[in-house]
Amino acid sequence: MHQFTTRYLKVLLTLLIGLGLYTLAVVPAIEPGRVPQPEVPEFSRVLGGERWWRDFFPADAWQIQDPKIIHTNQGILLANSWTPVDATTWQLKPLTMILPHSKSAR
């Protein structure tokens, strides 16, 4: 029994050392580097609770009432309603895309 325990611990220690060396030496060599996150555009920082796009629509438009907002780095999507089609697809209707170009576009 003592011999079994000794051999078991030797193999376990060897395995743990091997896994540690693999983690420290091999993984950093084969894993891709971290991708830097893109800079958040200026209009994203300004968005906050202010809906600066209100001036683009008539006073009774659904975009002003209570739209569902999807905010991305490229722009803003306004939807009146959305429903899931499947696990990765949503149907947004009606949909308005706002793609600001610069500070002067607001």
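It should be emphasised that the depicted structure is a prediction, and the values quoted were computed from it without experimental measurement.
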So how far is it from [X] [atom1] to [Y] [atom2], rounded to the nearest 0.5 Å?
X	Y	atom1	atom2	answer
Gln63	Leu95	CD	CG	9.5 Å
Leu9	Leu16	CG	CG	10.5 Å
Leu77	Trp90	CG	CH2	14.0 Å
Ile98	Ile69	CD1	CD1	8.5 Å

Do Met97 and Trp62 land in one hydrophobic cluster if side-chain heavy atoms of ILVMFWY residues count as linked below 4.5 Å?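 Met97 and Trp62: separate clusters.
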Inset, instruction - Please say whether more than 12 non-hydrogen atoms of neighbouring residues, nucleotides or ligands are located less than 6.0 Å from CD in Gln65. - result: yes
The remaining residues in the hydrophobic cluster of Leu21, counting side-chain heavy-atom contacts under 4.5 Å among Ile, Leu, Val, Met, Phe, Trp and Tyr, are Leu13, Ile17
Only residue of Ile76, Asn80, Leu78 satisfying side chain to side chain contact (heavy atoms under 4.5 Å, CB included) with Thr96 is Leu78
Those residues at least two apart in sequence (or on a different chain) that pass side chain to side chain donor-acceptor pair (under 3.5 Å) with Thr89 are Asp86
- Locate the shortest heavy-atom distance separating Ala59 from Ile64; write the atom from each residue and the value.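 Residues Ala59 and Ile64, closest heavy atoms: CA-CD1, 4.2 Å.
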